[in-house]
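Order of the sequence lines fixes the chain letters, A, B, ..., with proteins taken first and strands second; residue numbering starts at 1 for each chain.
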Protein chains: 2
Amino acid sequence: MRTPAMDNQALLSCIEKVFRLHGYEAASLTLISQATGLERASLYHRFPGGKVEMALSVANQVFLSFQTNVFEVIDSAQKTEEKLAAIQAFLLRFYEEGRLSCLLDTMSLSTQDQSLNTGLKQSLEAWIAAFSRLATELGCSPKEAEAKALGAIVNMQGTLVVSRVLKDNTAFLASISDLGRLLRGAH
Amino acid sequence: MRTPAMDNQALLSCIEKVFRLHGYEAASLTLISQATGLERASLYHRFPGGKVEMALSVANQVFLSFQTNVFEVIDSAQKTEEKLAAIQAFLLRFYEEGRLSCLLDTMSLSTQDQSLNTGLKQSLEAWIAAFSRLATELGCSPKEAEAKALGAIVNMQGTLVVSRVLKDNTAFLASISDLGRLLRGAH
DNA sequence: GTCTATAGCTTGATAGAC
DNA sequence: GTCTATCAAGCTATAGAC
């Protein structure tokens, strides 16, 4: 047992980037090999299930990252404004200021793999639920909160697509800046 | 010269669906062959440039469809409310009530093809410009109109992604219903 | 744990019969 | 204009040396 050239988390981050840049199908093992510096055969040692297992692992790591940086922040004891600021900072970093797509977008096309599709769906549901709790804290009624949460996420997904097509991240940056406004209750 | 098994427009519609369901890379010639009923070699007779030419032709056909059903409607002499209703009906049909993705989304991932990326960008810019004119008609100031137009399109793109992931088109249907509200000026 | 080498299949694309 | 047959290159995945 030689020592790994890269720990699992760093490896997954490299693979994540390939999936987010190219989508599931176009993310070939050759591209992943180049991005990680590991030969294709080595990737199969780390992920015996092959490309599907890589995708599932990446989706899971991203979910855990959101759990730490979004969901748990929302359920923490911080002040609401501090939560909001922390989440905005995380999202800006995670989406590289709008230049890197969302896995929910790039991996939800014709994947055929049921567990991946279910995982993406459950991640999005957890995200909506967490934003709902934050919206409630920001003065929304329970019913209003879910609508605002969905609206904020829809806005981010939409601006990510538009920013990618226009090659201009202005819309995404505005989406993050507006997050507080988007989640706040009507007065 | 035998008579074509399918006219060019119907052929392009079949191919369009494959690109919108699977994205550019995953849209293999085998899938396109199955969707159109033409063998791969026959597709090369219709599109000598191969897959890239198919993608460009599809993008162009969709642009022309938007030109007819959205841009020209906006610039017509109809009443504003009638324009809005016609556009809503078209968009519902075009996106199959939220069950079929947008080409701007599925074809903008790592295409490498410069003319395709430029075409998608220009199509989106034309769409934003047209919606801006409609927003102006709906009582927006020039500056406000562009923001509302962008917001309405962002909302559609976002709800399309969310509807795809959740396998629930409720959000997209709401986006279309809200189109008037989204484009109307603040009173 | 990583590598080289390779199997077996699918891809995009071409040649030529009808 | 569509087809069958075929090509070279790419793909995912595996075997086995170190």
Closest nucleotide among [options] to the [X] side chain:
{"X": "B:Ala41", "options": "C:dA13, D:dA5, D:dT12", "answer": "D:dA5"}
{"X": "A:Arg46", "options": "C:dG1, C:dT4, D:dT2", "answer": "C:dG1"}
{"X": "A:His45", "options": "D:dT2, C:dT2, D:dT12", "answer": "C:dT2"}

Item to complete: For B:Ala27, report the nucleic acid contact type (base, sugar-phosphate, nothing); a contact means any heavy atom under 4.0 Å.
Response: sugar-phosphate
Practice prompt. Name the nucleic acid region contacted by A:Arg40, choosing base, sugar-phosphate or nothing; use a 4.0 angstrom heavy-atom cut-off, strictly under.
Written response: base
Interatomic distance, [X] [atom1] vs [N] [atom2] [rounded to whole Å]:
{"X": "A:Met6", "N": "C:dT2", "atom1": "CE", "atom2": "P", "answer": "10 Å"}
{"X": "B:Asp7", "N": "D:dT2", "atom1": "CG", "atom2": "P", "answer": "11 Å"}
{"X": "A:Leu29", "N": "D:dT12", "atom1": "CG", "atom2": "P", "answer": "4 Å"}
{"X": "B:Glu39", "N": "C:dA17", "atom1": "CD", "atom2": "P", "answer": "19 Å"}
{"X": "A:Tyr24", "N": "D:dC11", "atom1": "OH", "atom2": "C1'", "answer": "12 Å"}
{"X": "A:Lys51", "N": "D:dT14", "atom1": "NZ", "atom2": "C1'", "answer": "17 Å"}
{"X": "B:His22", "N": "C:dT10", "atom1": "NE2", "atom2": "P", "answer": "16 Å"}
{"X": "B:Ile32", "N": "C:dT10", "atom1": "CD1", "atom2": "P", "answer": "17 Å"}

[Y] versus [X], side-chain donor and acceptor atoms under 3.5 Å:
{"X": "B:Asn117", "Y": "B:Ser115", "answer": "no"}
{"X": "B:Gln61", "Y": "B:Ser13", "answer": "yes"}
{"X": "B:Asn169", "Y": "B:Ser163", "answer": "no"}

Response to the item:
Given the options A:Leu109, A:Thr106, A:Val162, A:Val161, B:Asp105 meets side-chain contact (heavy atoms from CB on, under 4.5 Å) only with A:Val161
Discussion item. Below the 4.0 Å mark, does D:dT14 have OP1 or OP2 next to a side-chain nitrogen or oxygen of A:Tyr44?
Written reply: no
Worksheet item: Side-chain N or O of B:Ser28 less than 4.0 angstrom from OP1 or OP2 on C:dT11?
Response: yes
Response to the item:
Heavy-atom nearest nucleotide on DNA chain D taken for A:Thr30 and for B:Ser42; more 5' hit belongs to B:Ser42
Worksheet item: In terms of ring plane angle, is the pair A:Tyr24 and A:Phe19 parallel, tilted or perpendicular, where the classes change at 30° and 60°?
Response: parallel
